[in-house]
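Sharing a structure below in structure tokens format, with a few things to ask.
All figures in this text were calculated on a predicted structure; none of them were measured in a lab.
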Amino acid sequence: MPKAYKVTKRMVRFDKENPHEVYSVAPVCYGTLTTDDVAQQIATESSATPGDVKNVLDRYAYYVKENLKKGYAIQLLGFGVLNIRFLKGRAVTSADKANASLIKGLVPGFVPSFSMVNGSRKYDLLPDKIQLVKYTGSLPADDPSSTDPDDSGTSIPDPLG
């Protein structure tokens with residue numbers, strides 16, 4: 001399925017008397033798949049039931065949290081590394097003053113896995129090629145073979161050749 005984008009407009013006001021309209025593009029998300037949806041998809045292609053898959057996903061989420069709490073980073077095969085990041089307030093001028101009071105909060109961190117090929121990053125989570133199409137207000141067909149070859153979308157080339 002191609003990745004859709006929509007055109008967005010905003011005003012740039014460098015000069016208050018002469019604001020400029022600028023346009024950009026933003027990705028369109030067609031919705032969110034739930035755990036139940038994903039469990040059903042996995043179950044149709046395996047010998048596991050949707051309940052079995054949900055049980056594994058539930059345990060997986062539990063152990064990711066438990067191991068992050070213990071101070072480990074979690075490497076997910078084909079996804080990347082989950083860790084805990086600090087939200088920091090300010091820096092101090094001496095090591096004696098650097099302590100936990102500088103940490104304003106904790107947030108989950110994620111670094112997607114990639115490999116280096118010909119000096120470029122190839123992210124494991126992205127397909128080799130994605131066709132970009134302008135959002136028309138409706139979902140494209142699920143079947144990639146039904147995509148119109150004369151579509152005005154732009155195919156993003158594989159940076160690796």
Side-chain angles (χ1 to χ4, degrees), residues 1-6 8 24-147 153-161:
M1 180 183 297
K3 180 63 182 164
Y5 65 90
K6 63 183 175 183
T8 60
S24 188
V25 293
V28 173
C29 181
Y30 294 119
T32 302
L33 295 177
T34 66
T35 301
D36 288 340
D37 297 331
V38 173
Q40 187 63 46
Q41 287 178 340
I42 293 170
T44 60
E45 296 183 3
S46 70
S47 61
T49 67
D52 293 337
V53 174
K54 288 193 316 191
N55 187 40
V56 169
L57 292 173
D58 174 68
R59 293 293 77 205
Y60 183 75
Y62 172 80
Y63 281 106
V64 165
K65 289 179 193 176
E66 285 298 305
N67 287 306
L68 286 173
K69 183 168 64 175
K70 293 176 184 176
Y72 291 97
I74 313 296
Q75 184 172 2
L76 310 171
L77 180 63
F79 284 90
V81 177
L82 291 168
N83 56 31
I84 294 177
R85 291 187 18 233
F86 292 159
L87 296 176
K88 298 173 281 208
R90 56 185 166 77
V92 292
T93 57
S94 73
D96 295 341
K97 294 178 184 176
N99 57 41
S101 70
L102 298 177
I103 301 167
K104 301 302 177 197
L106 303 173
V107 294
F110 177 71
V111 178
S113 65
F114 63 90
S115 55
M116 294 299 288
V117 179
N118 297 331
S120 297
R121 289 183 180 192
K122 181 174 190 265
Y123 291 96
D124 296 338
L125 286 172
L126 294 178
D128 290 335
K129 293 182 182 180
I130 294 179
Q131 182 183 25
L132 299 177
V133 296
K134 190 170 183 180
Y135 181 63
T136 62
S138 62
L139 286 164
D142 269 343
D143 180 11
S145 65
S146 68
T147 302
T154 302
S155 183
I156 301 300
D158 183 351
L160 307 175

Check your understanding: Could you give all pairs that pass the salt bridge (charged side-chain N to carboxylate O under 4.0 Å, His left out) test and reach residues 45-65, with sequence neighbours left out?
Key -> Asp36-Lys54
Practice item. Scan residues 82-96 for pairs that pass side-chain hydrogen bond (donor to acceptor under 3.5 Å, both in side chains), counting only residues two or more places apart or in two chains. Key: none
Review point. Which residue pairs pass the ring-ring contact (aromatic ring centres under 6.0 Å, His included) test when at least one of the two sits in residues 96-115, sequence neighbours left out?
Key: Phe114-Tyr123
Practice item. Give a yes or no on this: more than 12 heavy atoms of other residues, nucleotides or ligands lie within 6.0 Å of atom CG of Leu87. Key: yes
Point to revise | Ala61: side-chain contact (heavy atoms from CB on, under 4.5 Å) partners, not counting sequence neighbours | key: none
Practice item. Not counting sequence neighbours, which residues clear side-chain hydrogen bond (donor to acceptor under 3.5 Å, both in side chains) with Ser101? List them please. Key: Asn99
Review point. Taking all non-hydrogen atoms of both residues, which atom of Ala26 and which atom of Thr8 are closest, and how far apart?
Key: CB-CG2, 3.9 Å
Exercise for review: Not counting sequence neighbours, which residues clear side-chain contact (heavy atoms from CB on, under 4.5 Å) with Gln75? List them please.
Suggested key: Val81
Exercise for review: Can you run down the salt bridge (charged side-chain N to carboxylate O under 4.0 Å, His left out) pairs that involve residues 97-114, sequence neighbours left out, and say none if there aren't any?
Suggested key: none
Study note, to complete from the structure: Lys69 meets the salt bridge (charged side-chain N to carboxylate O under 4.0 Å, His left out) criterion, sequence neighbours left out, with Glu66
Point to revise | Non-neighbouring partners of Val28 that pass side-chain contact (heavy atoms from CB on, under 4.5 Å), sequence neighbours left out | key: Ala4, Lys6, Tyr30, Tyr135
Practice item. Over all heavy atoms of both residues, which pair between Ala39 and Pro50 is shortest? Give the atoms and the distance, please. Key: CB-O, 3.7 Å
Check your understanding: Tell me, which pairs form a ring-ring contact (aromatic ring centres under 6.0 Å, His included) where one or both residues lie in residues 32-58, sequence neighbours left out?
Key -> none
Exercise for review: Mind checking the CD1-OH spacing from Ile74 to Tyr63? Nearest 0.5 Å is all I need.
Suggested key: 12.5 Å
Exercise for review: Tell me, with the steps shown, if Val53 and Gln40 meet side chain to side chain contact (heavy atoms under 4.5 Å, CB included).
Suggested key: CA-CA 8 Å; Val53 174; Gln40 187 63 46; over 6 Å; no
**Study point:** Validation row: Lys3, Gln131 side chains within 4.5 angstrom (heavy atoms)
**Key:** no
Exercise for review: Output the distance between atom CD1 (Ile84) and atom CG (Leu68), rounded to the nearest 0.5 Å.
Suggested key: 5.0 Å
**Study point:** From OH (Tyr5) to CG (Leu132), nearest 0.5 Å
**Key:** 7.5 Å
Practice item. Find the distance between OH (Tyr62) and CG (Asn67) and round it off to the nearest 0.5 Å. Key: 9.5 Å
Revision key, fill the gap. Closest heavy-atom pair, Ser46 versus Ile42, reported as atoms and distance to 0.1 Å, is OG-O, 3.1 Å
**Study point:** Contacts of Thr34 that satisfy side-chain hydrogen bond (donor to acceptor under 3.5 Å, both in side chains) - sequence neighbours left out
**Key:** Asp37
Point to revise | For Ser113, side-chain hydrogen bond (donor to acceptor under 3.5 Å, both in side chains) partners two or more places apart | key: Asp124
